[in-house]
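Quick note on labels: first sequence line is chain A, next is B, and so on, each numbered from 1. Since this is a predicted model, take the numbers as computed values, not measurements.
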Amino acid sequence: MSQAGSSTSGIRVSGLRKRFGSVDAVAGLSFHADPGETVGLLGPNGAGKSTTMALLVGLLAPDAGSIEIAGTSDPTRPAARRRLGIAPQDLALYSELTAEENLRFFGRLHGLRGRRLAERVERCLAMAGLQERRDDRVGTFSGGMQRRLNVAAALVHDPSVVLLDEPTVGVDPQSRNHILDALGQLRSEGRTLLYSTHYMEEATRLCDRVVVVDRGRVLAEGTVPDLVARHGGRSRAHFTLATPPPPGTCVGGRPLHEFGGVLETDDPTQALAELARSGLALEAVTVESPNLERVFLNLTGRTLRD
Amino acid sequence: MYAAFVIAWKDLVLLSRDRVTLFWVVGFPLVFALFFGAVLGATLDRGGRVLEAPLVVEPDASAALVAAFESAPALALERASLDDARERVRRGDAAGYLRLRGGGVEIGVDPSRETDAAILRGVTLETLGAAGPAAPGGPPGPALRTAPAIAVVEVVGRGASARSVADLVFPAAVLWGLMGCAASFAVAMVVERSGGTYARLASAPFPRATVLAGKALACFAACLLDAGVITGMSALLLGVRFEAPLAVVAATVAASICFVGMTVLLSVLGRTQQAVSGSGWGALILMAMLGGAMVPVSAMPPWLQTASYASPVRWGIVALEGALFRGFTARELALPSAVLVGAGALSFLAGLCVLSRQATR
Ligand SMILES: Nc1ncnc2c1ncn2[C@@H]1O[C@H](COP(=O)(O)OP(=O)(O)O)[C@@H](O)[C@H]1O
Ligand SMILES: [Mg+2]
């Protein structure tokens with residue numbers, strides 16, 4: 001059922017700008033997603049992720065810059081939109097309709113009918129794990145179930161490019177796993193995925209490449225290991241002591257005054273060995289490898305959840 | 001176009017699942033009809049009012065009688081020809097007419113306006129009593145030597161006439177139904193625009209105007225369905241009979257078109273559900289008040305009666321009454337219908353203007 005692999009399923013954005021009053025929501029954004037690639041837009045709230053998504057599907061008109069998506073530079077063209085699916089950040093479902101009615105409605109909007117519609121609705125219900133609840137109104141669903149259906153509704157018409165705007169926001173761990181598994185499945189089918197999130201774990205787990213955005217600009221871009229190597233800094237060994245350190249104790253070349261400390265190192269194994277040799281009464285040791293959170297912190301001085 | 005129908009159908013399903021809205025759309029107009037009917041039926045005393053009526057003076061009319069009527073304080077008479085006077089009563093522009101001929105008086109009344117007819121009869125008797133018989137000492141006037149004859153003539157439409165209070169209440173009930181539809185769809189429109197679902201609709205493979213077309217279609221269908229239900233209930237519960245069903249349908253369609261347009265305009269009165277629902281009902285109630293869907297136009301002072309034509313509700317009532325019991329011809333129905341459709345088109349365009357300005361931001 002995959003339609004990917006052709007030039008009609010990539011995304012390329014350059015110099016994109018959108019201003020609301022005095023706010024530069026998107027301030028010269030450039031990035032791309034090759035056909036079949038899963039690209040994460042990682043950034044804190046207000047970074048401009050949702051605005052970018054709205055520009056990509058033609059909900060908003062850009063002030064400047066160019067967009068190429070699903071084989072066209074004009075995302076409002078019906079031919080492009082048939083290849084595009086979007087799961088908006090705000091739940092885009094009718095709570096008075098049942099799960100199945102919602103999917104049928106969005107399928108019909110994209111021109112599906114008859115057996116093809118029935119097949120697609122069935123697949124998407126299965127993907128959302130909602131076959132048992134198909135005849136229940138969406139308003140009676142838990143937050144996680146609604147989120148799952150919100151993603152499934154983006155897929156009824158079998159799009160080759162899928163835009164997902166924070167699809168797991170405010171979701172229980174079980175539903176989050178369900179959604180991430182489903183997206184992994186889409187990825188393996190060769191669809192192009194653009195995935196916005198402020199959870200670095202999700203970007204790490206799912207994405208081929210990550211574009212780190214803040215205040216409407218791209219700060220860095222690359223594979224996760226690549227970004228971490230470039231901007232993540234060194235590993236850290238955090239330790240706490242059971243008894244106060246003897247006066248004058250040095251760890252990692254620095255005097256130790258407190259009941260614990262942090263060792264920054266490129267080689268955590270060696271750091272642990274040094275701690276063990278020091279004769280200190282260690283109570284706990286944790287090693288933290290550099291990650292996307294640290295990448296963001298190093299790039300902006302703020303955390304992703306600020 | 002298929003997409004517009006898909007959207008319209010979805011909206012009708014949503015409406016059918018919303019019990020509160022259903023009450024406003026169907027239940028409330030019926031409650032209104034029953035309540036208003038009871039009130040209208042009971043109120044016959046409206047003392048102190050000056051009644052406007054055309055006065056037909058035949059060449060052989062007694063001058064004393066003419067003078068007596070023209071100076072009667074309870075009447076504001078305006079000379080007219082007989083045809084003219086009949087026509088005005090039949091159209092509902094006047095409550096009745098007076099025709100003076102020889103020593104007698106003919107009162108032409110609109111049977112659908114019992115109260116006004118009763119007042120007219122009362123005032124006529126009073127006036128005649130004051131004019132004669134002769135005062136002692138002076139010679140009696142030539143026309144008043146005998147007791148004047150009073151003839152009451154009912155002026156009715158060519159087809160049907162109002163046979164009951166229910167007939168009078170029916171048009172207002174239908175208009176309340178249409179107003180309920182307008183309010184609920186205006187809210188549905190703003191909910192769709194401000195909610196997450198709009199992102200999906202607006203990124204589906206058809207022009208954005210299709211979304212509006214679908215909504216308008218659903219609103220129109222709901223208006224017709226609603227009017228149909230209210231009509232059916234009126235026939236069953238209130239005994240309203242429809243002798244010119246085609247004319248009633250035409251008037252209903254025109255009024256529905258008007259309120260579909262109103263819906264689009266109402267939906268841009270605010271950006272949230274609360275704002276639109278509040279200001280929408282506010283605007284509609286003003287229209288209803290002015291247009292005679294709360295207090296009948298015939299009970300309003302003359303200047304308000306004139307002002308009431310500013311409300312589309314008044315035109316809806318004119319059209320429906322005309323179709324139901326005033327026996328309007330197709331030509332007579334054309335004016336109110338054209339006003340309704342025109343008002344609908346204008347408000348639709350005005351709403352569209354605001355919407356397209358919002359969309360481009
Ligand atoms: N419709 C709008 N009107 C005004 N400001 C907006 C609008 N949409 C977004 N913004 C502003 O643009 C910035 C980016 O918002 P958004 O794209 O929603 O960020 P994100 O999705 O990354 O959290 C924010 O400062 C937000 O307040
Ligand atoms: Mg967002």
Other residues, nucleotides, ligands: >12 heavy atoms within 6.0 Å of A/Tyr199 OH: yes

Any side-chain heavy-atom pair of B/Tyr198 and A/Asp90 under 4.5 Å: no

Nearest atoms (heavy-atom pairs only) where B/Ala199 meets A/Pro88: CB-CG, 3.7 Å

Taking every non-hydrogen atom, the tightest pair across B/Gly196 and A/Ala92: O-CB, 3.3 Å

Neighbour count >12 (heavy atoms, 6.0 Å) for atom CZ, A/Arg215: no

Distance (rounded to the nearest 0.5 Å) between B/Leu15 CG and A/Glu96 CD: 11.0 Å

Under 4.5 Å from a heavy atom of chain B, the part of A/Ala154 involved: both

Over 12 foreign heavy atoms within 6.0 Å of CZ, A/Arg217: no

Cation-pi, A/Phe106 ring and B/Arg200 (6.0 angstrom, 45 degrees): yes

Nearest heavy atoms of B/Val6 and A/Arg108, plus distance in Å: CG1-CB, 3.7 Å

From OG (B/Ser203) to CG (A/Leu109), nearest 0.5 Å: 9.5 Å

B/Asp11 and A/Tyr94: CA distance, side-chain angles, deciding distance, side-chain contact (heavy atoms from CB on, under 4.5 Å) verdict: CA-CA 10 Å; B/Asp11 279 327; A/Tyr94 296 98; 5.7 Å; no

Chi angles and distances behind the side-chain contact (heavy atoms from CB on, under 4.5 Å) call for A/Leu97, B/Lys10: CA-CA 9 Å; A/Leu97 298 183; B/Lys10 180 267 298 171; 3.8 Å; yes

Side chain, backbone, both or neither of A/Gln89 within contact of chain B (heavy atoms, under 4.5 Å): neither

Residue part contacting chain B, namely of A/Ile86, when any heavy atom lies under 4.5 Å: both

Segment of A/Arg77 engaging chain B (4.5 angstrom heavy-atom cut-off): neither

Contacting region of A/Ala153 [heavy-atom separation from chain B under 4.5 Å]: both

Contact class of A/Arg113 relative to chain B, heavy atoms under 4.5 angstrom: side chain

Side chain / backbone / both / neither for B/Val13 at chain A, heavy atoms under 4.5 Å: side chain

Heavy-atom closest pair, residues A/His110 and B/Pro205: CD2-CD, 3.2 Å

Geometric cation-pi criterion, A/Arg81 with B/Phe206: 6.0 Å, 45°: no

